[in-house]
Amino acid sequence: MSAEIPSKYDPIQTEDKWYSYWMEHKLFKSVPDSREPYTVVIPPPNVTGVLHMGHMLNNTIQDLLVRRARMQGKNACWVPGTDHASIATEAKVVQKLRAEGVKKSDLSRDQFLEHAWEWTHKHGGIILEQLKKLGASCDWDRTRFTMDEKYYESVVDTFIDLYKKGKIYRGERMINWDPAALTALSDEEVIYREVNSKLYHVRYRIVGSDEFITIATTRPETILGDTAVCVNPKDERYKHLHGKRAIVPLVNREVPIIADEYVEMEFGTGCLKVTPAHDMNDFMLGEKHKLEIINMMNDNGTISEAGQLYVGMDRFDVRKQIAEDLQNSGNLVKIEELINKVGFSERSDAVVEPRLSLQWFVDMKELSKPALDHVMNDDIKFFPSKFKNSYRNWMENIKDWCISRQLWWGHRIPAWYAPDGQFEVAKTKEEALQQFSQKGIAVDVNSIRQEEDVLDTWFSSWLWPISVFDGFYSDEEVDYYYPTNDLVTAPEIMFFWVARMIIAGYEYRGDLPFRNVYYTGIVRDKQGRKMSKSLGNSPDPLDLMKKFGADGVRVGMLLSSPAGNDLLFDESLCEQGRNFANKIWNAFRLVKGWEEKVDKNLTQSQAAKTAVNWMQSKFNSTLVTLNDDYDKFRINEALMTTYKLVWDDFCAWYLEMIKPPFGQGMDATTYEASVDILEKLLGVLHPFMPFLTEEIWHYLKPRTEGSSICTASWPVSSNVDSNILSSFEKMSEVVIGIRNLRKEKNIPNKESIEMIVRANQEPDKEFDAVIQHLCNIQSITYSADKPTGCFSFVTATAEYFIPFTQQIDVEEEKKKIDAELTYVRGFLKSVESKLNNERFVNNAPTAVLESERKKQSDSLAKIQMLEEQLKALN
RNA sequence: GGGAGCAUAGCUCAGCUGGUUCAGAGCAUCUGCCUUACAAGCAGAGGGUCACAGGUUCGAAUCCUGUUGCUCCCA
């Protein structure tokens, strides 16, 4: 046997073999049937993305949940797919074309889209192939893409529906503008970073006076668009200026001096210039105080005609130039260094420009209400629940959602414009024409044109849990699989995606999209830095899997990642995972090796019988804990529970307890029980380590073609004998005592010894045979008297004696007993101080009191034993 | 500026409704072992003022208040 089964587990060979087997036998395929469904939809990765460590963590957890559910007999359905990721993908295609010397502006929309599709077909789906290496048990027949024909249609239909309901409108609003990508961004696509800036102090002359007022700004170029100066009404320094006017330097425009609580008196000079067209807060001030709006910037970040000066220059060049010009005109008071936060585009990394722009919006106020309520009342549960707070905070202050993007790659907005600018929202040009004519607007096929903009990527992904089941056009699948069960995702996209799926779920299905949301942490490197391409600190997941095996990496990922906490990734975690795999492998080799040593004539030894009984109870009681860990999404604890059950209980204790002495055979009863236990262990291990467990499962017993541990049953807990569990605890104390004694006294393990036990209560002999087996003890005798000429050690309930095999150091022994006495006396003192406290005795619950009294009597007995030992030595 | 969270062993974290000397786990470290499944292993050991200061209580890592430090989200 050992010739066939290698001594080290080799993951590379087995993984591909079993993944093909699983695919071949369609073990992950799901179609609606009479079973309870268990559904998970994958957070669709970018279609042209490659697998990174974040995906590894996220998909390992999903696979774990799905595999367990499948074993529990549920109809497990994990839907994979990809997202068209409009900005990210378009940027990549633009970049690729540029490298080939083609500018996007030289192409027509259709030509560009052709390139984009080509790119998508070439690079799309790589990531899905990589997920298979990880062992992901998705139903690949269901793979969806957010720009699939049907999916595209559902996005467009949703737009039209919301428009008809009055939830979508077109309007001029302050939006985040990306001057590099030339597109609007949603608030969530703006990343704020601290940068070193300069705070320019600029003085404005007061009209009709020689007095100046000094404002402070980090963006002096926007002076060109100033339409007011603002101070805090409570600010004594400026009270005399309320209602007066100031002159904007260089452009010499007269603007009002207004007062508003918004101004912070402590910041800068306590005086603010107001540029409503180029700052969110200034825009609000402008609306409130009815200020003029001067849009002094072009979409590419250069100064427009309205700016009067520096027309056509870039905003950052102007910033330098205007500082000089203000200096020359005598208006620049001083420049301070300042660290402030500046918004950058998530995609192009350009400094975002707040800009007034005509865009499409979703009115979120009403739509979001059920989504808030159903999370707050736990219809949808968040794990960990702390994320409910930020969710509520966001939902209660929700802003309208800017959904138009000035891009080509994506779902084109179904709006049609007449030459005069009037528009109709309709699915097709024909319908649009009809709608125009119904309103008496004379247009024809050639005069109307479709909106150029596409929709925000998230406007398609928010339909994901419905659209993957064709839920907008057919009930068959969606009625069965929806609501899905668990969503596993990163907290970073709680607002982008999770919140909006919940909104769409209630709007279009009248029901929650998923019952539980498990938020994973961010995978960071050992030093706590985010993994990124530029830092080069992210290992390649495929390399890791080659090195440690997919199972090893899976275990490594889960070892230290409690829900919502960041994971400080270190290869040594995968090493630990690989070592665990090897440990299981060797345990299996040991058990399997006994198969040919089974001797039908042998009867089961008492030690083995006890061991089997104990292991069964231990397994069953641990399974209860394990199921509870899963139910509470304590994933890493579920792993640790399993890890200890296998490594400590099964390998370190059980296998040693039943291991026959060298050269002897194994009885059939114990062998069969062991195979049975190992099979159950493989069951609870399978979600963590699918490949290894499948390999061993097939070795362990003859299996029929097509059978798999993937669809074997998750073990069911039964019969927990709590007596044997507590007897085991006592036994392990004794065994550790003997091992220590042997070590201290240099009594080799091979030397068989006697043991005498003096118990202060009815002795627990349950594990005596096991103790003899584990510690090479010839006989255990019980005695009321104290034997002489022995080493000894003491547990809570008994005293153990091993006869001397050589001279002993009396002083050394006395020292040890003294130390133990000191400890137990201290313990007793702390217990008695409680018991002597009348208020404790009167107030503490009976159970607590009783346990204290038990402690008292146990330690009194122990002290007596130790004192006697000491006396005996003297 | 607004909101949320965290602080426990060298590291990563448990510690659920206050109650075993409650101060735990895994890893790392140290010591001894190549013992016939496994050195990717076995047997042991050390290591912490539970951030700080108060308070509530018979009893606080746990509940309350303040302080300090850190993180995240939002503007």
Side-chain angles (χ1 to χ4, degrees), chain A residues 1-2 5 7-9 187-188 190 192 262 264 266-267 280-281 284 341 343 384 386-394 396-397 399 491-492 494-495 521-522 526 528 548-549 552 559-562 564-570 572-573 575-594 628 632 634 636-637 639-641 643-644 647-648 651-652 655-656 659-663 735-736 739-740 742-744 746 748-750 776 823-824 826-831 833-845 847-852 854-855 858-859:
Chain A
M1 197 79 235
S2 52
I5 304 176
S7 73
K8 283 199 162 60
Y9 171 62
D187 292 343
E188 289 72 29
V190 179
Y192 291 88
Y262 166 75
E264 256 180 85
E266 289 74 26
F267 184 80
M280 299 281 178
N281 294 310
M284 275 162 33
K341 286 198 170 175
K386 66 177 178 185
F387 287 113
K388 277 168 75 175
N389 285 324
S390 31
Y391 181 83
R392 181 178 57 198
N393 202 261
W394 191 75
E396 282 177 350
N397 299 292
K399 307 252 165 47
E492 299 163 298
M494 182 159 68
F495 308 128
I522 298 165
K526 218 176 160 182
F548 300 106
L559 268 172
S560 75
S561 55
N565 274 26
D566 288 358
L567 161 67
L568 300 193
F569 182 80
D570 184 2
S572 70
L573 292 167
E575 201 179 325
Q576 197 184 340
R578 179 202 59 182
N579 293 355
F580 185 42
N582 198 48
K583 183 75 186 177
I584 299 164
W585 181 251
N586 278 298
F588 151 69
R589 282 175 60 227
L590 179 65
V591 172
K592 189 69 183 170
W594 289 329
D628 187 54
K632 291 177 176 148
R634 298 177 169 206
N636 67 322
E637 288 191 38
L639 172 57
M640 200 38 75
T641 302
Y643 184 90
K644 286 197 252 188
W647 199 308
D648 298 344
C651 296
L655 291 178
E656 293 301 329
K659 193 189 263 182
F662 184 60
V735 169
I736 287 165
R739 280 175 184 164
N740 279 334
R742 275 187 181 273
K743 196 167 183 181
E744 274 168 30
N746 284 317
N749 286 326
K750 282 177 184 158
N776 192 12
Y823 176 85
V824 182
F827 176 53
L828 179 65
K829 204 174 152 191
S830 90
V831 172
S833 75
K834 273 189 214 166
L835 289 171
N836 292 336
N837 183 340
E838 253 180 65
R839 294 203 285 178
F840 171 76
V841 178
N842 295 336
N843 293 315
V848 174
L849 244 163
E850 266 170 21
S851 107
E852 291 300 312
K854 172 99 172 24
K855 277 189 259 174
D858 280 356
S859 25

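What you see is a predicted model; the values in this text were computed from it and never measured. Naming convention: chains lettered A, B, ... in sequence-line order (proteins, then strands); numbering from 1 in each chain.
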Asker: May I ask which nucleotide in the shown strands pairs with B:G26, Watson-Crick or G-U wobble, both distances under 3.5 Å?
Answerer: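 Check on B:G26: paired to B:C11, both distances under 3.5 Å.
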
Asker: Of the listed nucleotides (B:A25, B:A40, B:G26), which one gets closest to any side-chain atom of A:Tyr643?
Answerer: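 My answer, after comparing the listed nucleotides, is B:G26.
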
Asker: Just call it for A:Lys632: base, sugar-phosphate, or nothing, with non-hydrogen atoms closer than 4.0 Å on any strand.
Answerer: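 No contact.
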
Asker: Assess the residue pair A:Leu590 and A:Asn586 against the criterion (side chain to side chain contact (heavy atoms under 4.5 Å, CB included)); give the C-alpha distance rounded to whole Å, side-chain angles, the decisive distance to 0.1 Å, and a yes or no.
Answerer: CA-CA 6 Å; A:Leu590 179 65; A:Asn586 278 298; over 6 Å; no

Asker: Specify whether A:Trp647 and A:Phe580 have parallel, tilted or perpendicular ring planes, treating 30° as the upper limit for parallel and 60° as the lower limit for perpendicular.
Answerer: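 Judged by the thresholds at 30° and 60°, the geometry between A:Trp647 and A:Phe580 is parallel.
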
Asker: Could you work out the separation of B:U29 and B:G48 based on their C1' atoms and round it to a whole Å?
Answerer: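 Taking atom C1' in both B:U29 and B:G48, they lie 15 Å apart.
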
Asker: Say we look at B:U17 and B:G5: how far apart would their P atoms be, to the nearest angstrom?
Answerer: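 Nearest-Å result for B:U17 against B:G5 at atom P: 16 Å.
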
Asker: Rounded to whole angstroms, how far apart are CG on A:Asp648 and P on B:A25?
Answerer: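 Atom CG in A:Asp648 sits about 11 Å away from atom P in B:A25.
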
Asker: Name the pairing partner of B:C42, where a pair is Watson-Crick or G-U wobble with both distances under 3.5 Å, or state none.
Answerer: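 Answer to the pairing question: B:G32, which forms a Watson-Crick or G-U pair with B:C42.
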
Asker: Taking C-beta and beyond as the side chain, do A:Val735 and A:Arg739 meet within less than 4.5 Å on heavy atoms?
Answerer: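 The answer is yes, as the side chains (C-beta and beyond) meet within the 4.5 Å cut-off.
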
Asker: Please name the nucleotide paired to B:U71 by Watson-Crick or G-U wobble geometry with both distances under 3.5 Å, or report none.
Answerer: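 For B:U71, the partner nucleotide comes out as B:A4, under the 3.5 Å rule.
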
Asker: State whether A:Arg634 places a side-chain N or O below 4.0 Å from either non-bridging phosphate oxygen (OP1 or OP2) of B:A14.
Answerer: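 False: A:Arg634 side-chain N/O out of range (4.0 Å or more) of B:A14 OP1/OP2.
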
Asker: Determine the Euclidean distance between corresponding C1' atoms of B:U65 and B:U56; express it in Å to zero decimal places.
Answerer: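 Approximately 11 Å lies between the C1' atom of B:U56 and that of B:U65.
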
Asker: When the P atoms of B:C64 and B:A45 are considered, how many whole Å apart are they?
Answerer: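 Nearest-Å result for B:C64 against B:A45 at atom P: 38 Å.
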
Asker: Among B:A40, B:C42, B:G44, which is the nearest nucleotide to the side chain of A:Trp647?
Answerer: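 Closest nucleotide to the A:Trp647 side chain: B:C42.
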
Asker: Rounded to whole angstrom units, what separation is found between the CG atom of A:Asn636 and the P atom of B:G15?
Answerer: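 Nearest whole value for this atom pair: 10 Å.
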
Asker: From the options B:G5, B:C38, B:A43, select the nucleotide whose nearest atom is closest to the side chain of A:Asn389.
Answerer: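 From the listed options, B:G5 comes nearest.
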
Asker: Using purine N1 to pyrimidine N3 plus N6-O4 or O6-N4 for Watson-Crick, or N1-O2 and O6-N3 for G-U wobble, both under 3.5 Å, which nucleotide pairs with B:A60?
Answerer: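 By the stated definition (distances under 3.5 Å), nothing pairs with B:A60.
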
Asker: To the side chain of A:Asn586, which of B:U31, B:A40, B:C38 is closest?
Answerer: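 Looking only at side-chain atoms, A:Asn586 lies closest to B:C38.
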
Asker: Between A:Ile736 (CD1) and B:A45 (P), how many Å, whole number?
Answerer: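 It works out to 8 Å between those atoms.
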
Asker: Write down the distance between CH2 (A:Trp585) and C1' (B:A37), rounded to a whole number of angstrom.
Answerer: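 About 12 Å, once rounded to whole Å.
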
Asker: Whole Å only: how far is the NZ atom of A:Lys388 from the C1' atom of B:C73?
Answerer: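 So the NZ-C1' distance, A:Lys388 to B:C73, works out to 18 Å.
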
Asker: Could you state the atom-to-atom distance from CG of A:Asp628 to P of B:A14 in whole Å?
Answerer: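 Checked: the CG to P distance equals 16 Å.
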
Asker: Should the ring pair A:Trp585 and A:Tyr9 be called parallel, tilted or perpendicular, given that the plane angle runs from 0 to 90° and is split at 30 and 60?
Answerer: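 Ring orientation of A:Trp585 relative to A:Tyr9: tilted.
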
Asker: A:Lys743 has an atom NZ; how far is it from atom C1' of B:C42, in whole Å?
Answerer: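 So the two atoms are 10 Å apart, to the nearest Å.
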
Asker: With respect to the side chain of A:Phe495, which nucleotide from B:C73, B:C16, B:C38 is positioned closest?
Answerer: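 Between B:C73, B:C16, B:C38, the one nearest the side chain of A:Phe495 would be B:C73.
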
Asker: Taking the minimum atom-to-atom distance to the side chain of A:Leu655, which one of B:G5, B:A40, B:A37 wins?
Answerer: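 Per side-chain heavy atoms of A:Leu655, the pick is B:A37.
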
Asker: With rounding to the closest Å, how many angstrom separate the P atoms on B:A43 and B:A25?
Answerer: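 To the nearest whole Å, 15 Å.
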
Asker: Nearest to the side chain of A:Lys583, which nucleotide is it out of B:G41, B:G26, B:A40?
Answerer: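 Per side-chain heavy atoms of A:Lys583, the pick is B:G41.
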
Asker: Of all the choices, B:G26, B:U31, B:C38, which nucleotide is nearest to the side chain of A:Glu656 once you look at every atom?
Answerer: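 Out of B:G26, B:U31, B:C38, the nucleotide with an atom closest to A:Glu656's side chain is B:C38.
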
Asker: Side chain of A:Asn281, heavy atoms from C-beta onward: which of B:A40, B:A43, B:A75 has the nearest atom to it?
Answerer: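 Nucleotide nearest to A:Asn281's side chain: B:A75.
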
Asker: Counting Watson-Crick and G-U wobble pairs only, both distances under 3.5 Å, name the nucleotide matched with B:G66, or none.
Answerer: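 Base partner found: B:C52.
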
